[in-house]
Amino acid sequence: MNLFSDIRAAVLDALAAMQAEGALPAGLDMSNVAVEPPRDAAHGDMATNAAMVLAKPAGQQPRAIAEALAAKLSADPRIVTAEVAGPGFLNLRLTPDAWRGVVAAALGQGRDFGRSDMGRGVKVNVEFVSANPTGPMHVGHTRGAVFGDALAALLDFAGHEVTREYYINDAGAQVDVLARSAYERYREANGLSPEIREGLYPGDYLIPVGEALKAKYGASLLDRPEADWLADVREFATQRMMEMIRQDLALLGVRMDVFSSERAITASGRVEEAIETLRGMGLIYEGTLEPPKGKLPEDWEEREQTLFRSTAHGDDVDRPVKKSDGSWTYFAPDIAYHWDKVKRGYDQLIDILGADHGGYVKRLKAVVSALSDGRVPLEVKLIQLVKLYKNGEPFKMSKRAGTFVTLRDVVEQAGPDVTRFVMLTRKNDAALDFDFDKVLEQSKDNPVFYVQYAHARVCSVIRKAAEAGIAADDATLAGADLAHLAHDAELSLARKIAEWPRLVEISARGHEPHRVAFYLYELASDLHGLWNRGNEDTSLRFVQEGNAPVSQAKIALARAAGVVISAGLGILGVTPAEEMR
RNA sequence: GGCCCCGUAGCUCAGGGGAUAGAGCGACCGCCUCCUAAGCGGUAGGUCUCAGGUUCGAAUCCUGACGGGGCCGCCA
């Protein structure tokens with residue numbers, strides 16, 4: 001149930017009736033007609049811009065259209081008043097029963113209240129994290145992981161068929177480096193001193209990998225040429241790294257549906273296949289690139305390479321798929337991988353990438369456009385930098401300096417709830433300040449506690465009611481006589497609850513899970529506000545001792561808010577606490 | 001030089017073309033005999049970086065400046 005879209009439908013019906021009567025011309029575009037909560041509550045419960053949007057195409061005065069529309073709408077039993085205001089707004093006031101209906105719907109549907117069928121039949125692939133399997137996840141990865149997971153949950157809630165996918169970069173030079181680094185730790189495990197040369201990964205996390213290699217191979221790999229052991233050690237170490245990454249993701253509460261391997265794609269010849277397909281479209285050629293303007297790379301020289309004509313699909317320059325030595329660039333397997341996703345039948349692809357991949361977006365879009373014949377849209381959500389602060393001072397992560405902050409560091413200290421909420425209370429395209437002390441503080445400055453506290457208060461009310469001998473289970477509440485909700489402070493909370501289904505659709509459409517976090521904060525604020533009004537006006541307390549029917553109506557309202565908080569936190573992956581200690 | 005992101009209250013940030021631009025923190029003044037005060041109410045605080053444009057209407061869309069960050073062919 002979405003009261004805003006219900007009322008919008010009523011507005012459209014009224015406009016259609018006006019057209020049938022000749023009061024409005026036929027063939028008007030109604031797509032911009034909106035029914036929204038007004039910025040200022042004094043204007044009413046809902047406002048529509050219909051008259052202003054239609055005035056010009058209809059060739060009529062906006063206020064005249066609004067007057068006629070108001071006359072039609074006032075026949076609707078849910079609408080108390082329809083007043084023309086300002087340049088042609090139509091402000092609507094709804095009956096208390098309309099708002100009580102929202103409370104009833106939320107109780108009836110529980111955490112499913114607000115689910116939308118907006119994405120029905122739409123298959124979406126959300127690729128995120130995709131951290132290289134060469135070490136533990138760090139703070140930067142954490143933001144992408146949390147964002148992707150929440151976006152996937154949001155799209156699911158809005159009715160899409162969602163696949164969460166991780167692309168394992170297990171085929172490039174970096175996994176050879178990993179293998180060499182692990183091999184040194186293997187030598188170390190065998191009592192030799194490791195040579196962690198420049199360019200190898202020095203992290204301690206490879207020490208157990210070296211020991212595990214010793215357990216498996218004994219001393220048999222010692223003093224052998226690299227060619228003898230590289231492939232085996234690479235395979236072994238890569239698997240170990242992926243296990244570690246899966247554990248890190250599990251700590252955060254992130255679960256993937258599909259892990260795709262670059263190595264598998266490369267080995268199966270699909271890169272060649274993809275490039276040949278593009279060649280068949282006339283999009284692959286041998287040529288040289290113009291040097292970039294401005295600051296040149298130091299070793300710039302003109303080279304002939306195999307290039308992808310990405311400019312034919314909106315890119316600024318063509319992009320190399322082969323290096324000058326004839327081997328594939330990083331881009332080539334990515335072409336094959338995205339083609340693979342297209343062939344798996346998704347209607348929409350979403351890539352969650354770090355902001356340092358900004359220069360990569362246009363070529364990826366070009367590939368998907370070319371290989372899907374323009375049918376499958378690819379949206380790339382760039383996750384901007386996480387700036388770390390400690391004691392209010394910015395500090396840089398450095399593996400060498402030992403200030404490398406892992407996901408595990410953060411989650412084990414702050415907990416997954418705080419980590420997730422903080423990282424989701426910001427748009428993906430704005431940089432995020434992550435202040436360790438503030439996040440660890442667990443104080444009122446931390447919005448996640450504020451929202452959880454609201455939920456805990458609802459649970460507390462229900463417990464108190466039970467102690468007072470008033471039944472307050474969901475089944476009883478669903479049958480409560482909501483006519484006892486009459487105070488405007490109570491109906492205001494119902495109005496906020498009514499916005500939830502609308503907010504879900506807006507957030508899902510914009511791929512903006514942060515909106516959920518901000519809405520939950522507002523909803524929590526409204527609940528806390530109503531709670532405290534009970535201090536001055538005892539008739540506003542949820543539990544009215546000795547009056548079960550009235551208590552149950554009030555608790556039903558609180559429970560409806562709690563159900564929405566619970567559902568919203570569920571999308572964000574945050575636990576709805578039942579009590580705070 | 002080009003491309004991407006950002007610029008809104010002292011600070012951190014919301015604001016899917018709508019009315020008098022909002023919240024938190026900080027400052028100031030109040031509220032616990034009472035469902036958890038991890039809470040609530042109020043006051044103060046604004047040239048929405050600037051200049052053009054589109055529109056009945058722009059913080060929002062477009063163009064261009066300015067400022068900050070990121071990226072830019074044999075790294076992935």
Side-chain angles (χ1 to χ4, degrees), chain A residues 32 34 36 38-40 42-43 47 49 52-53 55-56 62 85-89 91 132 134 169 171-175 262 288-295 297 299-303 305 307 315-320 322-327 329-331 334 354-362 382 384-385 387 425-431 433 435 438 442-447 449-450 452-454 456-457 460-465 467-468 505-507 509-510 512 514-515 517-518 521-522 525 528-536 538 541-545 551 555 558 579-581:
Chain A
N32 287 327
E36 309 173 309
R39 201 199 297 267
D40 185 343
H43 292 142
N49 61 354
M52 291 180 292
V53 170
K56 194 169 188 182
F89 285 102
N91 292 327
N132 283 343
T134 56
N169 289 117
Q174 78 282 359
V175 283
E262 178 185 1
T288 57
L289 287 172
E290 294 285 311
K293 307 271 191 237
K295 196 184 168 201
D299 59 343
W300 176 266
E301 60 182 62
E302 206 153 271
R303 280 189 291 264
Q305 292 175 282
L307 301 170
D315 203 352
D316 305 312
V317 292
D318 293 338
R319 305 292 179 177
K322 276 189 179 176
K323 303 172 191 169
S324 55
D325 66 4
S327 62
T329 60
Y330 172 73
F331 183 36
D334 249 1
D356 54 343
H357 288 64
Y360 210 66
V361 173
K362 286 186 180 177
L382 290 179
Q384 292 296 324
L385 223 58
K387 284 188 278 187
T425 314
R426 190 106 330 160
K427 289 183 289 207
N428 63 287
D429 42 16
D433 292 343
D435 189 320
K438 226 173 225 176
Q442 309 214 350
S443 76
K444 61 179 177 176
D445 293 354
N446 219 324
F449 293 107
Y450 184 85
Q452 286 182 317
Y453 185 35
R457 276 183 152 173
S460 165
V461 160
I462 291 169
R463 285 192 299 266
K464 287 284 174 189
E467 285 168 21
E505 294 193 349
I506 292 169
S507 311
R509 191 168 293 126
E512 296 172 321
H514 75 276
R515 286 176 178 271
F518 279 96
Y521 189 89
E522 291 169 14
S525 176
H528 289 309
L530 180 57
W531 178 288
N532 267 70
R533 289 194 63 165
N535 288 340
E536 302 149 18
T538 53
R541 293 193 193 167
F542 295 108
V543 178
Q544 301 286 319
E545 298 258 353
S551 297
I555 296 167
E579 57 184 327
M580 310 293 285
R581 325 157 176 253

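Each chain gets a letter, A, B and so on, in the order its sequence line appears, and its residues count up from 1.
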**Prompt:** Phosphate oxygens OP1/OP2 of B:A37: is one of them under 4.0 Å from a side-chain N or O of A:R457?
**Reply:** yes
**Request:** Starting from the 5' end of RNA chain B, give me the residue, A:Q174 or A:G534, whose nearest nucleotide shows up first.
**Result:** A:G534
**Prompt:** How long is the line joining CZ of A:F331 and C1' of B:C72, in whole Å?
**Reply:** 15 Å
**Request:** Can you tell me the distance, in whole Å, between the CZ atom of A:R319 and the P atom of B:C74?
**Result:** 10 Å
**Prompt:** Could you state the CG-C1' distance from A:N446 to B:G39, rounded to the nearest angstrom?
**Reply:** 16 Å
I'd like a table of atom pairs between the protein and nucleotides 56-58 of chain B - only N or O on both sides, under 3.5 Å - with the distance next to each one.
residue	atom	partner	partner atom	Å
B:C56	OP1	A:K56	NZ	2.4

**Prompt:** What residues form a salt bridge (Lys or Arg N to Asp or Glu O under 4.0 Å) with A:D316, not counting sequence neighbours?
**Reply:** A:K362
**Item:** Check: A:R541 side chain, B:C34 base, donor-acceptor under 3.5 Å
**Value:** yes
**Prompt:** If you look at every strand shown and take non-hydrogen atoms under 4.0 Å, does A:Q544 touch a base, only sugar-phosphate, or nothing?
**Reply:** nothing
**Message:** Any side-chain N or O of A:Y521 below 4.0 angstrom from OP1/OP2 of B:G22?
**Reply:** no
**Prompt:** When rounded to the nearest Å, what value does the distance between C1' atoms of B:U33 and B:C29 take?
**Reply:** 24 Å
**Message:** At less than 4.0 Å, is any side-chain N or O atom of A:R39 found next to OP1 or OP2 of B:U20? Yes or no.
**Reply:** no
**Request:** Enter syn or anti for the glycosidic conformation of B:C28, syn applying to angles within 90° of 0.
**Result:** anti
**Item:** Pairwise C1' distance for B:C31 and B:U12, with rounding to whole Å
**Value:** 27 Å
**Upstream residue (5' side of RNA chain B) when A:H357 and A:V543 are each assigned their closest nucleotide** = A:V543
**Message:** Holding to ring-ring contact (aromatic ring centres under 6.0 Å, His included), I want the full list of residues that pass it with A:H357, two or more places apart in sequence or in another chain.
**Reply:** none
**Item:** Nearest-angstrom distance from the residue atom CG of A:D356 to P of B:C71
**Value:** 7 Å
**Prompt:** In whole Å, what separates the C1' atom of B:C40 from that of B:A23?
**Reply:** 15 Å
**Message:** Tell me if the side-chain of A:N91 makes a donor-acceptor pair with the base of B:A19, cut-off 3.5 Å, by modelled atom types.
**Reply:** yes
**Message:** Of the options B:A76, B:U20, B:C35, whose atoms approach the side-chain atoms of A:N169 most closely?
**Reply:** B:A76
**Fill in**
Dot-bracket assigned to RNA chain B with the 3.5 Å Watson-Crick/G-U criterion, [ ] for crossing and | for other-strand pairs, is (((((((..((((....[...)))).(((((.......))))).....(((((..]....))))))))))))....
**Prompt:** When we call it a touch if two heavy atoms are under 4.0 Å apart, what does A:E579 touch: a base, just sugar-phosphate, or nothing?
**Reply:** base
**Prompt:** Hey, does A:D435 reach any base, or is it just sugar-phosphate, or nothing, if we go heavy atoms under 4.0 Å?
**Reply:** nothing
**Asked** How far does the C1' atom of B:A59 sit from the matching atom of B:G7, given to the nearest Å?
**Response** 11 Å
**Prompt:** At under 4.0 Å between heavy atoms, what does A:H514 touch on the DNA or RNA strands: base, sugar-phosphate, or nothing?
**Reply:** sugar-phosphate
**Message:** Rounding to an integer number of Å, can you tell me how far A:F518 CZ sits from B:G16 P?
**Reply:** 12 Å
**Prompt:** A:W531 CH2 to B:C34 C1': how many Å, rounded?
**Reply:** 11 Å
**Fill in**
Separation of B:C71 atom C1' from A:K362 atom NZ, nearest Å, is 12 Å
**For atom CG of A:N532 and atom P of B:A37, their distance in whole Å** = 7 Å
**Request:** Please state whether the phosphate of B:C35, meaning OP1 or OP2, lies under 4.0 angstrom from any side-chain nitrogen or oxygen of A:R463.
**Result:** no
**Request:** Could you tell me whether the side chains of A:D325 and A:S327 share a donor-acceptor contact shorter than 3.5 Å?
**Result:** yes
**Request:** Determine the contact category for A:A85: base if any of its heavy atoms lies under 4.0 Å from a base atom, sugar-phosphate if only primed atoms, P, OP1 or OP2 are that close, otherwise nothing.
**Result:** base
**Asked** Which part of the nucleic acid, if any, lies within contact of A:A173, taking any heavy atom under 4.0 Å across all strands shown: a base, the sugar-phosphate backbone alone, or nothing?
**Response** sugar-phosphate
**Request:** Check the geometry between A:F89 and B:A19 and answer yes if their rings are stacked (centres below 5.5 Å, planes below 30°), otherwise no.
**Result:** yes
Sort me out a list of protein N/O and nucleotides 5-10 of chain B N/O pairs below 3.5 Å, or just none if empty.
residue	atom	partner	partner atom	Å
B:C5	O2'	A:D429	O	2.3

**Prompt:** Can you list the residues that meet the side-chain contact (heavy atoms from CB on, under 4.5 Å) rule with A:A355, with sequence neighbours excluded?
**Reply:** A:Q384
**Message:** Regarding A:N32, tell me which of base, sugar-phosphate or nothing describes its non-hydrogen contacts under 4.0 Å with the strands shown.
**Reply:** nothing
**Prompt:** Of all heavy-atom pairs between A:E512 and A:R515, which one has the smallest distance, and what is that distance?
**Reply:** OE1-NE, 2.6 Å
